[in-house]
Amino acid sequence: MKQLQNYIDGKFVDPASGSYLDNIEPATGQVYSQVADSDERDVEAAVQAAEQAFPAWSTMPTAERSSLLLALGDKIEANLERLARAESVDNGKPLKLAISLDIPRAATNFRFFATAILHFRSELHTMDLDALNYTLRRPRGVAGIISPWNLPLYLLSWKVAPALATGCTVVAKPSEVTPMTAFLLSELCAEVGLPPGVLNVVHGLGPKAGAAIVRHPRIPTISFTGGTVTGAEIARTAAPMFKKVGLELGGKNPNIIFADADPDQVIRESVRSSFANQGQVCLCGSRILVEESAYATFVDRFIEATRALNIGDPLEEPTDQGALVSKAQLDKVQYYVQLAREEGGNIRCGGSIPDSLPERCQNGYFFQPTVITDLSIDCRVNREEIFGPVVTITPFKTEDEVVEYANATDYGLAASLWTRDLSRAHRVAERIESGTVWINCWMIRDLRVPFGGTKSSGVGREGGEEALRFYTEPKNVCIKIGE
Ligand code: NAD
């Protein structure tokens with residue numbers, strides 16, 4: 001069985017413990033590979049390699065660093081089908097989603113930051129003619145990067161690319177639940193000739209390998225994407241060490257539909273924003289809020305469109321809904337559907353494990369896309385992140401009421417709103433507590449904008465210059481020029 005080793009100092013190595021964890025294919029429930037079970041010894045080796053690589057990497061002419069990252073982007077594109085298949089097997093997502101979204105976006109991430117760094121600006125401020133102040137931005141050293149399982153290569157590359165572009169070296173820990181594409185990325189790094197130690201990938205469990213990165217005294221920067229509870233734990237460890245920390249955490253995003261919105265577009269896009277990747281996208285709109293006069297029609301049409309989704313083997317072309325990522329995730333989704341029943345919800349479609357699955361998938365972690373109505377806005381199912389194919393639909397009466405509903409969670413990652421009234425769209429967008437608001441669309445991203453969440457959805461922003469600034473340390477230099 002294939003064993004996914006760590007990638008440290010340009011070499012594939014066994015973990016210090018010699019132990020490996022089982023890696024399960026979610027669509028079958030079967031172990032199909034094993035992944036290094038690393039601990040602080042592996043993290044220490046990775047940090048040493050990253051430290052040794054830092055002086056040369058950080059002073060390499062920017063254009064040369066840029067070329068290497070562009071080459072990595074090209075390599076990912078050249079291996080699109082192989083990487084997409086690996087991600088689909090590892091994660092349970094439909095292969096067509098990995099081919100059309102995850103892997104192309106990983107290539108784009110490297111290309112975007114490879115070229116963004118060529119245009120990165122320093123600031124100069126003149127104090128009349130008395131003094132000039134300029135700001136140098138130097139890479140902060142070794143960056144610790146910890147990423148989740150839902151968009152494994154996409155989210156890992158979204159952090160690794162800006163870190164490397166600025167001249168930082170990296171110790172990365174991908175999710176132990178979906179380690180395969182990070183392992184393949186290590187192979188591609190070796191193929192393009194990325195210098196040893198520039199990117200180190202340490203696999204393993206969060207509380208062991210991940211925590212060892214967070215508390216390592218010589219990793220001054222931590223970039224984390226994952227759950228809010230984990231983010232809080234990371235913040236507790238990193239704060240007294242004065243680390244620079246970026247946290248991209250959970251969401252419970254409202255999808256607001258006014259009665260004047262284009263009904264066909266709203267149904268099509270709401271099904272996508274509810275159930276893409278089986279609802280396991282942090283940006284999914286898991287709370288649909290519909291203006292009262294359009295509510296009944298919307299619910300009927302939405303349920304009809306949801307029932308039409310094809311659940312099946314993620315590797316087969318017709319499949320729209322693959323498997324959830326793990327047994328733990330399936331259990332969590334089932335728990336919340338049961339809770340919805342107890343909280344007075346009406347399960348309008350789905351709500352259980354599908355009864356007809358292909359032979360190969362009989363033991364996989366599948367769940368029907370599920371639509372729930374008649375829950376109060378402040379019940380747990382409407383406030384807590386489920387991160388699965390479950391949406392609630394709630395009617396609202398007024399603009400004020402929907403703003404109150406939209407903001408009635410601890411999260412603040414993203415929101416969508418649908419209306420043809422432009423003034424209202426701007427008004428409501430301004431009042432929603434979230435890092436991103438989409439108007440008449442969902443999940444369109446210009447990589448230059450600052451991306452991230454407010455409230456319990458995180459602190460810090462990634463994207464464009466924000467990311468390049470995150471991995472660099474400003475130093476102000478002041479020159480007196482007057483008398
Ligand atoms: P998770 O928090 O369980 O794990 C994320 C990563 O952290 C994994 O690599 C894990 O091994 C590691 N980890 C776990 N405990 C750790 C610890 N104590 N110290 C250091 N590292 C630790 O999250 P998950 O289940 O992998 O991902 C799902 C969550 O991620 C959801 O809440 C989702 O909303 C969130 N997410 C957020 C964004 C965003 O951009 N805001 C994007 C994708 C996913």
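Every number for a ligand or one of its atoms is a count from 1 in the order of the listing.
- With no hydrogens or angles considered, a side-chain donor-acceptor pair links Ser223 and Lys159 at under 3.5 Å.
- Looking at ligand 1, you won't find any N or O of Ser457 less than 3.5 Å from one of its N or O atoms.
- Residue contact check for ligand 1: Ser147 places a non-hydrogen atom closer than 4.0 Å to it.
- Contacts between Leu413 and ligand 1, counted as non-hydrogen atom pairs separated by less than 4.0 Å, involve the side chain only.
- Near Leu155, with a cut-off below 4.0 Å to any heavy atom, the atoms of ligand 1 are 42 (C), 43 (C).
- Contact annotation: for Ala209 versus ligand 1, there are no heavy atoms closer than 4.0 Å.
- For atom 7 (O) of ligand 1, the closest non-hydrogen atom on the protein side is Phe224 CE1, 3.2 Å.
- Compare Gly458, Gly250, Ala182, Gly226 by their heavy atoms: the one nearest to atom 35 (C) of ligand 1 is in Gly226.
- The side-chain tip of Arg461 does not point at the ring of Phe451 from less than 6.0 angstrom away and within 45° of straight on.
- The single protein non-hydrogen atom nearest to atom 34 (O) of ligand 1 is Glu385 OE2, 2.5 Å, given as residue, atom name and distance.
- Residues Arg383 and Tyr411 fail the side-chain proximity criterion, which asks for heavy atoms closer than 4.5 Å.
- Two rings, from Tyr7 and Phe12, have their centers less than 6.0 Å apart.
- The N/O atoms of Leu249, backbone and side chain alike, include one that comes under 3.5 Å of an N/O atom in ligand 1.
- Residue Pro174 places a heavy atom under 4.0 Å from ligand 1.
- Residue Ile146 has no N or O atom closer than 3.5 Å to an N or O atom of ligand 1.
- In this structure, Val391 and Thr370 have side chains that are not in contact, with every pair of non-hydrogen atoms separated by 4.5 Å or more.
- Taking atom 28 (C) of ligand 1 as the reference point, the nearest protein heavy-atom neighbour is Phe387 CE2, 3.7 Å.
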For residues 211-222, tabulate all N or O donor-acceptor pairs below 3.5 Å that involve a side-chain atom, not counting sequence neighbours.
residue, atom, partner, partner atom, Å
His216, ND1, Arg218, N, 3.0
His216, NE2, Glu44, OE1, 2.7
Arg218, NE, Glu51, OE1, 3.3
Arg218, NE, Glu51, OE2, 2.6
Arg218, NH2, Glu44, OE2, 3.0
Arg218, NH2, Glu51, OE1, 3.3
Thr221, OG1, Arg140, NH1, 2.8

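- Thr228 places a side-chain N or O within 3.5 Å of a backbone atom of Gly250 that can act as its donor or acceptor partner.
- The closest side-chain heavy-atom distance from Trp57 to Leu194 is below 4.5 Å.
- Counting only heavy atoms from C-beta outward, the side chains of Asn382 and Thr409 never approach each other to under 4.5 Å.
- Using a 4.0 Å heavy-atom cutoff, Gly453 is absent from the residues neighbouring ligand 1.
- With hydrogens and angles left out, the side-chain atoms of Asp90 and Asn23 include a donor and acceptor closer than 3.5 Å.
- Atom 4 (O) of ligand 1 is never approached by the protein to below 4.0 angstrom, counting heavy atoms only.
- Asp14 and Tyr20 share a donor-acceptor pair across their side chains, judged by distance under 3.5 Å alone.
- Screening Lys244, Glu462, Glu465 for a side-chain contact (heavy atoms from CB on, under 4.5 Å) involving Phe470 leaves a single residue, Lys244.
- For ligand 1 and Phe451, the ligand atoms under 4.0 Å from any heavy atom of the residue are 40 (O).
- For Glu233, no nitrogen or oxygen atom sits less than 3.5 Å from a nitrogen or oxygen atom of ligand 1, counting backbone and side chain alike.
- The shortest N or O to N or O distance between Gly227 and ligand 1 is below 3.5 Å.
- Atoms of ligand 1 lying under 4.0 Å from any heavy atom of Thr230, numbered from 1 in the order shown and given with element: 1 (P), 2 (O), 3 (O), 13 (N), 14 (C), 15 (N), 16 (C), 17 (C), 22 (C).
- Ligand 1 has an N or O atom lying under 3.5 Å from an N or O atom of Gly206, backbone or side chain.
- Residue Trp149 has at least one N or O atom closer than 3.5 Å to an N or O atom of ligand 1.
- Residue Thr228 has no N or O atom closer than 3.5 Å to an N or O atom of ligand 1.
- With a 4.5 Å cut-off on side-chain heavy atoms, Leu413 and Ser434 do not count as touching.
- Counting protein heavy atoms only, atom 27 (O) of ligand 1 is closest to Pro148 CB, 3.3 Å.
- The shortest N or O to N or O distance between Glu176 and ligand 1 is below 3.5 Å.
- Looking only at atom types and distance, the side chain of Ser157 has a donor-acceptor partner in the side chain of Asn109 under 3.5 Å away.
- Using bins of under 30°, 30° to 60° and over 60° for the plane-to-plane angle, the ring pair Phe183/His203 lands in the tilted bin.
- Nearest protein heavy-atom neighbour of atom 36 (N) of ligand 1: Cys282 CB, 3.6 Å.
- Residue-ligand proximity, Gly210 to ligand 1, at heavy-atom distances under 4.0 Å covers atoms 19 (N), 20 (C), 21 (N).
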